[in-house]
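Here the structure is a predicted model, which means the values were calculated and not measured. All residue numbers in this chain count up from 1 along the given sequence.
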Amino acid sequence: MLVLPSELTHRQAKACLSMLLQGLRAHRDPRVVVDATGLKAFDSSALAVLLECRREALASGKSFSVQGLPTALRGMAGLYGVGILITPAA
C-alpha cells in the first residue's frame, strides 16, 4: 500500500509524486491502493498527484484505488469532474 503524507499541497506535490511512483514501480501486487487516511492539509495538487499515480498504475496494467479519501477532497474531485477516476478502495 502506498501512503500519502499528512500535507499535500503544491509545495509537496513533486516530491510526493516521485515517492509514490517509486513505490508503484516496486509494487508487485496487481492492485495499487493509496492510503489517504492521514491526509489533513491539501489543495488541488493532491488530485493531480493521485491522477498521475493512477495513470502510471493503469499503464503498468495494475488497478488503482484510494482508501480513506477525505470528504473535502472527494468533493473537490467531483467539482473538477474527475471524481469517477478516484475509485474508493473496497
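Atom CE of M1 is separated from atom CZ of R31 by 8.5 Å, given to the nearest 0.5 angstrom. To the nearest 0.5 Å, the span separating CD on E7 from SG on C16 amounts to 11.0 Å. Taking CD of E52 as the reference point, atom OG of S18 lies at 11.5 Å (rounded to 0.5 Å). The CG atom of L20 sits 11.5 Å away from the NE2 atom of H27 when rounded to the nearest 0.5 Å.
Here the side chains of L50 and L4 are in contact, with some heavy-atom distance below 4.5 Å. Between S65 and V33, the closest side-chain pair of non-hydrogen atoms falls below 4.5 Å. With contacts defined as side-chain heavy-atom distances shorter than 4.5 Å, the pair Q67/T37 qualifies.
In the hydrophobic clustering of this structure, V3 does not group with L24; members are Ile, Leu, Val, Met, Phe, Trp, Tyr whose side-chain heavy atoms approach within less than 4.5 Å, directly or through other members. Hydrophobic cluster membership is shared by M76 and I84, with clusters built from Ile, Leu, Val, Met, Phe, Trp and Tyr side chains linked at under 4.5 angstrom. Cluster annotation: Y80 and L8 are assigned to the same hydrophobic cluster (Ile/Leu/Val/Met/Phe/Trp/Tyr, side-chain heavy-atom contacts under 4.5 Å, transitive). Note: the hydrophobic cluster containing L39 also contains L17 (ILVMFWY, side chain heavy atoms under 4.5 Å, direct or indirect links). Linking ILVMFWY side-chain heavy atoms closer than 4.5 Å, directly or via other members, places L47 and V32 in a single hydrophobic cluster.
Using modelled atom types, one side-chain atom of S60 and one backbone atom of E56 make a donor-acceptor pair closer than 3.5 Å. The closest donor-acceptor contact from the side chain of D43 to the backbone of H10 lies under 3.5 Å.
Atom CD of Q22 has 12 or fewer heavy atoms from other residues, nucleotides or ligands within 6.0 Å.
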Legend entry - F64/V34 under side-chain contact (heavy atoms from CB on, under 4.5 Å): CA gap, chis, key distance, verdict: CA-CA 8 Å; F64 179 85; V34 174; 3.5 Å; yes

